[in-house]
Protein chains: 2
Amino acid sequence: MTLTVLLADDHAMLRSGMRAIFDTQPDLECVAEVADGRAAVAEVARLRPDVAVLDIRMPKLDGLAATEMILADPANRTKVLLLTTYDTDEYVYRALNAGASGFLLKSLPPEELISALRVAARGDALIDPSVTQRLIARFAVSLAPPPTPPELDLLTVREREVLQLVAAAYSNAEIAAQLHVGDETVKTHVSRVLAKLGLRDRVHAVAYAHINGLVQTRPPGVR
Amino acid sequence: MTLTVLLADDHAMLRSGMRAIFDTQPDLECVAEVADGRAAVAEVARLRPDVAVLDIRMPKLDGLAATEMILADPANRTKVLLLTTYDTDEYVYRALNAGASGFLLKSLPPEELISALRVAARGDALIDPSVTQRLIARFAVSLAPPPTPPELDLLTVREREVLQLVAAAYSNAEIAAQLHVGDETVKTHVSRVLAKLGLRDRVHAVAYAHINGLVQTRPPGVR
DNA sequence: TCGGAGGTCCCCCGCGCGGGGGACCCGGTT
DNA sequence: AACCGGGTCCCCCGCGCGGGGGACCTCCGA
C-alpha cells in the first residue's frame, strides 16, 4: 500500500528537496506540489492524498487556514502535517485546534520526516520534541486544579457543604430542604461562610466559588 | 559528553534488553539498574543520572509516584522518561502533570528509544505518537471556548454588558455607577436579562455566566 | 409618517436575604 | 466539673432586589 502525499510550500527549492527525500522511499508517492494554500486546499479536494505536508507560511492562504479548511470538509480523509521554521506557540495551538496530525520544524532530520509521514498516515499524531516540552507545560497548568485559597480552611465541613449549594444558586430554603434542616440553620451557616471568607453577600459567594473551582463547570479532569 | 542513564523496571529481561540497546551507543552509559520505584528514587538522588527510564508498573512505588518524587526534589536535574505497556489516558495525564519528559510505549523501536533519550537529555519532551493523537484532542477541547448558548443572542449589547457586571458580583448601584446611568435603568436591564434567559434571580445569573464562560476565571487562552 | 426596538428613568409592592442578637444540644478537651 | 467549637433553631429589623406597571427619547426601517 503506497502512501500518497501532497507537498505545499512556496519555496521550490524546499519542495524539490523534500521530493528527493520521498523518492528514496518506494512506498511514498508525491502526487502533487503546490506553492500556496489555496492551491493546496483545491488539490487535496481533488486528489485526496493520504497526507498533506503544508508549510505554515504560504501566499494567499497560510498553512493554518488551509488546514482548517481541509479538515472542515468531512469528505477529506487527508491527514495534515504542518511544517514551519519558527515554533511560535500560537501556531501550535491553532494547528492542534484545527486538528492537524503533526507539527514539525523544518530542522527535522529527513528520516524523521519520513517516519512522521507514516505516523500521520496511520492516524496517529506527533509533535516536534522542542514544541512538546512547552505544550506539556501548558497542558499541565490547564489540567492543574486551581489553587485552593487558604481561607477555605477556616470553614467547617458543613459550611463548605452549604457554600457548594449556594454556589449552585440554591436559595436558603432549597438548601435547607436538601440538607434536611431548618432554613434558619442555613442562614446561620451562610452568614458564617460570608464572614469567614470576607464576602459581602451570597452573590459574591457564588462568584468566589466558581473562580476558585469549587464547582465543576467542566467535565472533571479537563480544565 | 556521555549521557548517564538509570533503568528501572521490575522485569530483569527487559532491563537487560534495554541495556543491550544502550551498549550499542558509545555515548550512553547505564549507571544503574533497579527493580522498583523506591530504589529508583534513591539511586537517582545518589547518582544524579541525566535520564531515568521508569516503567510505570513497578513494585513498592509505581513509576508515576516515583516521577513525582524525583521531580519534586529541585536538587535533581534528572529527566524522566516513562515507559509502559498500556497507554491508559490517566497515566499520561498524571505523567505529564508530574513533569515527565516523555511518555513512551514499550512497543517503541529500539532506535527511537535511543533518540528519545537524547531528546529528553537536552530538555525537550516527546510523547508516543499513538498517545499524542488523543492528547491533542483532549488539549483542543480544553482550549476550545465553551459553546455559547443560543439564548444569549436574545440579549442586546447593553444587556450583555450588564450581565457581565452582574456576574462579577456587582450590585445594581455599583453597575449604575460604572455605566453612568441611574440604578433604575440597571434594574430594568437586569430584569430583562433574567426574563430572556429564564433565570430566577441575579444569583442564578452569576452561576449561568460563569458556567457559560462569560467571565474569564482563567488566564485567556488556557482553559 | 408611523411603528417598533432599544435605552433611560420613575413608582409601588412583596420578599428573600443578611446582620444582630439569643438559645439549646452534643462531643471532646481541660 | 467547666469549657468550647459545631450544629441546630428562633426572634427582629432594614434593605436590596425583582415583578408589575408606566413614561420619554432616539434611531431606523417599513
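Lettering follows sequence order; numbering is per chain, from 1.
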Between A:Thr188 and A:Val203, whichever has its closest DNA chain C nucleotide further toward 5' is A:Val203

Residues at least two apart in sequence or cross-chain that pass side-chain contact (heavy atoms from CB on, under 4.5 Å) with B:Ala39, listed by chain then number, are B:Val34, B:Asp36

Checklist entry - So do B:Val44 and B:Met69 actually touch side chain to side chain, heavy atoms under 4.5 Å? => result no

Span of DNA chain C engaged by chain B, first through last nucleotide within the 4.0 Å heavy-atom cut-off, is C:dG6 to C:dC11

Scanning both residues in full, the closest heavy-atom pair of B:Met58 with B:Asp10 reads CG-N, 4.3 Å

Sequence neighbours excluded, the answer for side-chain contact (heavy atoms from CB on, under 4.5 Å) partners of A:Ala95 is A:Leu64, A:Leu82, A:Ala100, A:Phe103

The correct set of residues in residues 154-181 of chain A placing a heavy atom under 4.0 Å from DNA chain D is A:Thr156, A:Arg158, A:Val181

Hits for side-chain contact (heavy atoms from CB on, under 4.5 Å) against B:Ala75, two or more places apart or cross-chain, chain-then-number order -> B:Arg48, B:Asp73

ask   = Below 4.5 Å, heavy atoms only, C-beta onward: do B:Val5 and B:Met18 meet side chain to side chain?
value = no

Side-chain polar contacts of residues 176-197 of chain A - donor-acceptor pairs under 3.5 angstrom, sequence neighbours left out - could you list them?
{"from": "A:Thr188", "atom 1": "OG1", "to": "A:Glu184", "atom 2": "O", "distance (Å)": "3.0"}
{"from": "A:Ser191", "atom 1": "OG", "to": "A:Lys187", "atom 2": "O", "distance (Å)": "3.1"}
{"from": "A:Lys196", "atom 1": "NZ", "to": "A:Leu154", "atom 2": "O", "distance (Å)": "3.0"}
{"from": "A:Lys196", "atom 1": "NZ", "to": "A:Glu159", "atom 2": "OE1", "distance (Å)": "2.9"}
{"from": "A:Lys196", "atom 1": "NZ", "to": "A:Glu159", "atom 2": "OE2", "distance (Å)": "3.4"}

When A:Arg200 and B:His189 are each assigned the nearest nucleotide of DNA chain C, the 5'-most assignment goes to B:His189

* Asked: With side chains defined as the heavy atoms from C-beta onward, is the minimum distance between B:Thr84 and B:Leu105 less than 4.5 Å?
  -> yes

